[in-house]
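Just below is one structure, and these are the notes that go with it.
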Amino acid sequence: MNHSSAAGPAAPAFKAWDSDISAAAVAGQDGAPGWVSLVGADVWWDEPRPHEGGRRCVVRAMPDGTRQDVLPPGFDARNRLHEYGGRAWRPTGDGLVFTHWGDQRVYLHHPDSHDPPRPLTPARKDVTYGDLYLPPSRDEVWAVRETRLGGVRDVERALVAVPFGTGAERTVAATHRFMTCPRLAPDGRHLSWIGWDHPNMPWDGTELCVAPLKADGTAGAYRVRAGGPQESVTQAEWRDAGSLWAVTDPDGWWNLHLVPAHEGPARVVAPAEEEFGGALWKPGASWFTPLPDGRAVAIHGTGAGRRISLVDPGAGPGLPRLTDLGLRYTDYAQTIDADADTGFVVAVGADTTSPYSVFTAALPRADTADAPAPRVLSSTPSPSVDAAWLPRPTSRTFHPGADEPCASGHPAADPVVHAHTYPPAHPRRTVPDGRRPPWVIFVHGGPTGDHPMVHDLEIAYFTSRGIGVAAVDYGGSVGYGRAYRERLAGAWGVVDVEDCVTVARALVREGLADPGRLAIRGGSAGGWTALAALTHTDVFAGAVSFYGITDPLAWAATTHDFESRYLDGLIGPLPKDAALYEERSPVLAARDAGGPALLLHGLDDAIVDPAQSTAMARALRRAGKPCEHVEFPGERHGWRRAETIRTALETEIRFYERLFALPAHPEPARPRTGAARTPAPSSEPS
């Protein structure tokens, strides 16, 4: 770790409470179980191992309760597809096919044998595979192959078949810049996939393609059956040989549709102002799974809460299309599977009192009203934490002040800001009468992402030390429909900042937060918003950025292919809108920073170059602004190692102790460039 600081000590006006939730405890529970699969009565999943260098290990649980690490030590089921990684493994029945992080090759492994995993693809440093899929009745695995030919823009992708034997790898289809979700029809005669091209991101517009499978195992001419430039198909699965289930959003919400494979329009099933899908950051994500009888099991809801239901497109008049499984969880990871023979579904769920856990639950049956309770198989590793140490969050909606138009151009009554608030919580300490605690605004990354309201030891690390947390799902976030996502179109660095300001000022108006002790923090795109808020508003006393974007012009020129045209929609196309990039750049506005900044970055980050944080630190110091800059060798975009997570948290809490010890409003508010300020808002519970 490289560490440098220009922030001096301050009088101890604020001291964090002592807490049983240590940084080491947070590091031990970092991450969540990943992909899941059912093979008969066996349940498979992968889980993080922060204390094993951050590797992902595939685990199998048998009906007798026995658990087995399927991957031997040293193997790591991850890949670099789109840099964020795609589905990295599939069970083959008696074995496992997976991609290994160390060399990005595809391997086949039989865990009950004594042989090591066998590579199926050659060693090539510029090729990676992801979004693995096992087509029925074929002795091979299908995958998205990504080949880096040169710079960040020189990338090719194709759907390929990798035989389990010694046969040569073949290209099945290569039609779009980006491809995902390869699927074979039940009769083996057709295949489907989802594709899109620059400048779209997958949540902007994608195409569901169907093509005949030729005798040589490659795709014939394809037809687009759903989606388009302004319609986003996020997942598609064959229902039968003539139709597919698909999650798509022609009406502004990701709903389940039935799509004829060859002719005719798609038909929405159980239309609702809810999301049955999400942002396709990781190819292979699944929000529903089909059943052989023509029904499906789906995750759906909004950012305020999600549930799992059985979906019946053939339900008669007056019968429910959706049958809620009645689970206690309020959020689910983007992975689900079901087995009709055993009658069980497997998923990864969490709520405000329990972390993300792999569980199985019984599918509803017509002959009984009772179902066995869900069976938890694995939870995010965490110490036993008494509930008294955990905050009691509330899902809220906030509105800007009615008299002030927003800089984004929206009418004042239009933006509704979603957020989850976590007040300080401690079994033996309370905020003294007449005092207000400091609060930190948490900004999620993406920016096309969200912050689910679930058990989160990282948040509890701060709330148990006397600091309130507000996690803001600003305009642009997923979980609230396309119109809410598109509030950020052309307005990144404006709407996201305004929405965080709206929540912060509401907390002050309600008497919950100290107006002089407000901070903002975020990672990646959230780091951008945090630094933009520090440099373009006078609301926040300081900001923390994890591997954040600070110079959008440089980032657009150097980042990886998947996001290389992301800013076309978020700010505007280059070079036409270069002036907007400069106007909103935190680096160019460093002289206007309203307080100290803490910048943390992994030196192996391929998504946001570490030079972004270095440039911000340099600009702040040249402007005479306090700045602390910490670098982590060996870390990429997001912390994986336990020691990094612990060090980052301990550095952050020390930063807040110094920051909140400063006098409130040490200098008068002054004008800022860029994002305009909104007045003190009103708020109302959701």
Side-chain angles (χ1 to χ4, degrees), residues 27-37 43-61 67-92 95-134 141 143-146 148 162 281-285 333-335 348 356 358 378 380-381 547 560 602-607 632-646:
Q29 69 98 62
D30 187 70
W35 317 105
V36 297
S37 284
V43 182
W44 298 61
W45 70 89
D46 68 89
E47 61 187 27
R49 299 286 172 87
H51 295 285
E52 297 180 30
R55 81 173 181 121
R56 306 269 329 176
C57 184
V58 180
V59 181
R60 176 174 63 179
R67 282 184 43 166
Q68 175 191 28
D69 280 3
V70 178
L71 282 188
F75 282 91
D76 184 357
R78 289 189 290 143
N79 56 67
R80 287 186 58 188
L81 184 63
H82 296 183
E83 291 298 342
Y84 292 103
R87 174 95 195 209
W89 59 270
R90 293 277 184 178
T92 63
L96 177 77
V97 61
F98 71 98
T99 56
H100 172 47
W101 175 258
D103 57 14
Q104 300 295 307
R105 300 167 76 182
V106 180
Y107 285 78
L108 183 64
H109 180 51
H110 296 282
D112 295 329
S113 74
H114 298 291
D115 297 327
R118 175 170 63 89
L120 299 178
T121 56
R124 291 172 290 184
K125 68 175 183 177
D126 294 322
V127 176
T128 190
Y129 301 82
D131 195 5
L132 303 189
Y133 164 69
L134 295 176
V141 58
V144 178
R145 183 185 65 206
E146 183 177 82
R148 300 171 182 85
V162 181
W281 284 100
K282 293 190 174 186
Q334 298 173 358
T335 182
V348 179
Y356 285 99
V358 178
S378 174
T380 304
Y547 35 88
H560 62 133
L603 291 179
D604 291 348
D605 194 336
I607 294 172
F632 296 96
E635 287 284 8
R636 296 176 65 85
H637 198 69
W639 315 141
R640 303 192 69 86
R641 300 173 179 173
E643 61 269 24
T644 303
I645 300 164
R646 177 183 56 78

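Between the side chain of Gln104 and the backbone N or O of Arg80 there is at least one donor-acceptor pair closer than 3.5 Å. Remark: side-chain polar atoms of Arg90 are paired, donor with acceptor, to backbone N or O of Leu132 under 3.5 angstrom. Within the 3.5 Å criterion, the main-chain N or O of Gly86 finds a donor-acceptor partner in the side chain of Asn79. Proximity of a side-chain donor or acceptor of Asp69 to a complementary backbone N or O of Leu71 within less than 3.5 Å is not detected. The main-chain N or O of Gly34 is never found under 3.5 Å from a side-chain atom of Glu47 such that the two would form a donor-acceptor pair. Thr335 places a side-chain N or O within donor-acceptor distance of the main-chain N or O of Val36, the cut-off being under 3.5 Å. Looking only at distances, no side-chain donor or acceptor of Gln68 sits under 3.5 Å from a matching main-chain atom of Val59.
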Stepwise side chain to side chain contact (heavy atoms under 4.5 Å, CB included) check, Trp44 with Val58: CA-CA 7 Å; Trp44 298 61; Val58 180; 4.0 Å; yes
Step-by-step side chain to side chain contact (heavy atoms under 4.5 Å, CB included) determination, Arg640 to Arg49: CA-CA 8 Å; Arg640 303 192 69 86; Arg49 299 286 172 87; over 6 Å; no
Might you work through the side chain to side chain donor-acceptor pair (under 3.5 Å) test for Glu146 and Thr128, ending with a clear yes or no? CA-CA 5 Å; Glu146 183 177 82; Thr128 190; 5.8 Å; no
Quick one, Glu83 with His637, criterion side chain to side chain contact (heavy atoms under 4.5 Å, CB included). Give me CA distance, side-chain angles, the key distance, then yes/no. CA-CA 9 Å; Glu83 291 298 342; His637 198 69; over 6 Å; no
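Residues Ala61 and Trp45 come closest through the heavy atom pair CB-CZ3, 3.6 Å. For the pair Arg60 and Pro111, the tightest heavy-atom approach, listed with the atom from each and the gap, is NH2-CG, 4.2 Å. Closest approach of Ala606 to Arg636, counting heavy atoms only: CB-NH2, 3.8 Å. Summarising the geometry of Ala32 relative to Pro48, their closest heavy-atom pair is O-CD, 3.4 Å, with the distance given to 0.1 Å. Contact record, Trp35 with Pro283: CH2-O, 4.1 Å, taken as the closest heavy-atom pair. Taking all atoms of both residues into account, the shortest heavy-atom contact from Leu134 to Pro91 is CD1-O, 3.1 Å.
Here the straight-line distance linking atom NE2 of His51 with atom CZ of Arg641 works out to 14.0 Å at 0.5 Å rounding. Note: Arg56 CZ to Phe98 CZ = 15.0 Å, rounded to the nearest 0.5 Å. For the atom pair Phe75 CZ and Trp101 CH2, the distance stands at 16.0 Å (nearest 0.5 Å). For the atom pair Tyr547 OH and Asp605 CG, the distance stands at 8.5 Å (nearest 0.5 Å).
In this structure, Cys57 and Arg55 have side chains that are in contact, with non-hydrogen atoms separated by less than 4.5 Å.
Under the 30°/60° scheme for interplanar angles, the aromatic rings of His100 and Tyr107 are found to stand perpendicular.
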Output side-chain donor-acceptor pairs under 3.5 Å for residues 114-123, partner residues at least two apart or in another chain, one line each.
from: Arg118; atom 1: NH1; to: Phe164; atom 2: O; distance (Å): 3.4
from: Arg118; atom 1: NH2; to: Phe164; atom 2: O; distance (Å): 2.9
from: Thr121; atom 1: OG1; to: Val106; atom 2: N; distance (Å): 2.9

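With a 6.0 Å cutoff to the six-membered ring centre and a 45° limit on the axis angle, Arg87 counts as a cation-pi contact of Trp89.
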